[in-house]
Amino acid sequence: MKKSLHSPNSIEELMLRAESMAGLTLGQLANFHEIQIPKDLKRHKGWVGQLIELELGALAGSKPEQDFAHLGIELKTIPVSALGKVLETTYVTVAPLTNIQGLTWEESVVCHKLQQILWIPVQGDRDIPLSLRQIGSPILWRPSAEESAQLKQDWEEIMEFISMGQVDKVTARHGEVLQLRPKAANSQVLTDSIGRDGKLTQTNPRGFYLKTQFTQRILSQLL
DNA sequence: ACATGATCATGC
DNA sequence: GCATGATCATGT
């Protein structure tokens, strides 16, 4: 994947570039950037996101920062069906499993990443060839007071389990809008976590994800 | 049909 | 291993 050269200097510029993508297919965008189009996403799960980053001038890399840190904006592509239905949960960030004493929602990485998101809907039905899938209109979102409250409540409940050494008791069913799920190369991967009596143990790494119904409401409500 | 738990690629 | 980008694929 090529590195983008220009990053937008303002939210207005970013939104104009995002709006100008609407209606284009992934094939058109890939051809423009001279990027190879995979047969499907089975072994290229991040391909769509990377392509959109390239077009919008996001600063690539594995930094734990927002995509447009200078604008305070996180970029997320979101697969939707032909009927506009959200098809996948949205990964937010890795969950901290140690050194979390005193950590508050307001200080959390989840809260920071969700301050402002630029959603780019992309057709995600698997029966549409990747190159023919169309990009939708961008949606700039900031959580409402109600949404923030929901997110905070879920986060605090989940973090309580983690801090009590009960991370293995948390399933994706916990949380109304925010959930905790495995986030690793596979289920054998281990990382430090809080165990019995506050001692360190190891467990499969977890990530925070937004549930589809929550994301669905964001997209529907703003369309 | 759908969400949960598992997984894939890449850079450092 | 951790952080980025996510979707896959099976169980319910």
Side-chain angles (χ1 to χ4, degrees), chain A residues 1-4 7 26 29-30 33 35-69 73-100 108-110 112-114 117-130 133 135 154 158 167-193 200-216:
Chain A
M1 192 72 68
K2 284 187 178 178
K3 181 187 172 191
S4 62
S7 190
L26 297 180
L29 211 53
H33 289 283
I35 296 300
Q36 291 265 314
I37 305 168
K39 172 177 173 290
D40 56 45
L41 296 178
K42 288 181 183 178
R43 292 187 173 275
H44 302 271
K45 298 182 180 181
W47 186 82
V48 177
Q50 298 284 314
L51 180 62
I52 300 299
E53 281 188 345
L54 189 62
E55 171 66 14
L56 294 181
L59 307 171
S62 58
K63 292 170 294 187
E65 300 171 4
Q66 289 162 309
D67 298 283
F68 303 96
I73 294 177
E74 173 78 8
L75 176 67
K76 290 290 181 191
T77 60
I78 181 74
V80 297
S81 74
L83 300 176
K85 186 168 195 173
V86 169
L87 294 174
E88 293 288 348
T89 55
T90 302
Y91 170 69
V92 180
T93 186
V94 170
L97 303 181
T98 61
N99 300 319
I100 54 178
S108 71
V109 176
V110 179
H112 288 161
K113 289 222 176 184
L114 297 180
I117 293 187
L118 178 59
W119 297 97
I120 308 291
V122 177
Q123 289 183 330
D125 287 316
R126 295 187 203 177
D127 57 6
I128 305 177
L130 199 51
R133 296 184 193 177
I135 299 164
D154 286 348
I158 292 168
V167 64
D168 288 328
K169 292 204 161 36
V170 181
T171 72
R173 296 166 186 78
H174 287 82
E176 295 294 323
V177 299
L178 187 71
Q179 62 183 179
L180 192 72
R181 303 222 307 277
K183 172 61 175 171
N186 58 61
S187 59
Q188 314 310 310
V189 173
L190 295 175
T191 191
D192 285 349
S193 67
L200 278 187
T201 184
Q202 295 217 303
T203 192
N204 193 220
R206 314 299 165 93
F208 282 109
Y209 296 79
L210 297 178
K211 300 186 74 171
T212 55
Q213 289 192 12
F214 182 74
T215 311
Q216 182 75 68

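Quick note: numbers below take in every heavy atom, side chains included, and nothing from hydrogens, waters or symmetry partners. Below, chains carry the letters A, B, ... as their sequence lines are ordered, and counting in each starts from 1.
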inquiry  = For A:Asp192 and A:Lys76, find the nucleotide of DNA chain C closest to each by heavy atoms; which residue's nucleotide sits nearer the 5' end?
reply    = A:Asp192

Measure the distance from [atom1] on [X] to [atom2] on [N] and round it to the nearest whole Å.
{"X": "A:Leu56", "N": "C:dT4", "atom1": "CG", "atom2": "P", "answer": "18 Å"}
{"X": "A:Tyr91", "N": "B:dC8", "atom1": "OH", "atom2": "C1'", "answer": "14 Å"}
{"X": "A:Leu51", "N": "C:dT7", "atom1": "CG", "atom2": "C1'", "answer": "16 Å"}
{"X": "A:Leu41", "N": "B:dT7", "atom1": "CG", "atom2": "P", "answer": "19 Å"}
{"X": "A:Gln213", "N": "B:dA3", "atom1": "CD", "atom2": "P", "answer": "6 Å"}
{"X": "A:Ile52", "N": "C:dT7", "atom1": "CD1", "atom2": "P", "answer": "11 Å"}
{"X": "A:Asp40", "N": "B:dC8", "atom1": "CG", "atom2": "P", "answer": "13 Å"}
{"X": "A:Asn204", "N": "C:dG1", "atom1": "CG", "atom2": "C1'", "answer": "12 Å"}

Inter-residue atom distance A:Leu29.CG - A:Ile135.CD1, 0.5 Å rounding = 4.5 Å

key: Point-to-point distance, once rounded to the nearest 0.5 Å, from OG1 of A:Thr77 to CG of A:Leu26   = 9.5 Å

Sugar-phosphate, base or nothing in reach of [X], heavy atoms under 4.0 Å:
{"X": "A:Val48", "value": "nothing"}
{"X": "A:Glu74", "value": "sugar-phosphate"}
{"X": "A:Arg126", "value": "base"}
{"X": "A:Thr89", "value": "base"}
{"X": "A:Lys183", "value": "base"}
{"X": "A:Arg43", "value": "sugar-phosphate"}
{"X": "A:Ala185", "value": "base"}

Comparing A:Gln179 and A:Gln188 on DNA chain B - which has the more 5′ nearest nucleotide = A:Gln179

ask   = Pick the nucleotide of DNA chain B nearest each of A:Leu87 and A:Ser187; which residue has the one closer to the 5' end?
value = A:Leu87

message = Is there a side-chain contact between A:Val92 and A:Val109 in this structure, where contact means two heavy atoms from C-beta onward sitting under 4.5 Å apart?
response = no

Nearest to the side chain of [X], which nucleotide is it out of [options]?
{"X": "A:Glu53", "options": "C:dG5, C:dT7, B:dA6", "result": "C:dG5"}
{"X": "A:Lys42", "options": "C:dC8, B:dG5, C:dT4", "result": "C:dC8"}
{"X": "A:Thr191", "options": "C:dG5, C:dG1, B:dT7", "result": "C:dG1"}
{"X": "A:Lys85", "options": "B:dC2, B:dG5, B:dA3", "result": "B:dC2"}
{"X": "A:Val94", "options": "C:dT4, B:dA6, C:dA6", "result": "C:dT4"}
{"X": "A:Val189", "options": "C:dG1, B:dA6, B:dA3", "result": "C:dG1"}

Side-chain N,O (A:Thr93) to OP1/OP2 (C:dA3) below 4.0 Å = no

ask   = Is there a side-chain polar atom (N or O) of A:Thr90 under 4.0 Å from OP1 or OP2 of C:dA6?
value = no

key: N/O donor-acceptor pair under 3.5 Å between A:Gln216 side chain and A:Gly84 backbone   = yes

ask   = For the side chain to side chain contact (heavy atoms under 4.5 Å, CB included) test, which of A:Thr89, A:Val177, A:Asp154 pairs with A:Phe214?
value = A:Val177

message = Surrounding CG of A:Asn99 (heavy atoms of other residues, nucleotides or ligands, distance under 6.0 Å), is the total greater than 12?
response = no

task = Identify the two heavy atoms, one from A:Ala184 and one from A:Asn204, that lie closest to each other, and give their separation to 0.1 Å.
result = CB-ND2, 3.8 Å

task = Kindly indicate whether the side chain of A:Tyr209 and the base of B:dA3 share any N or O donor-acceptor pair separated by less than 3.5 Å?
result = no

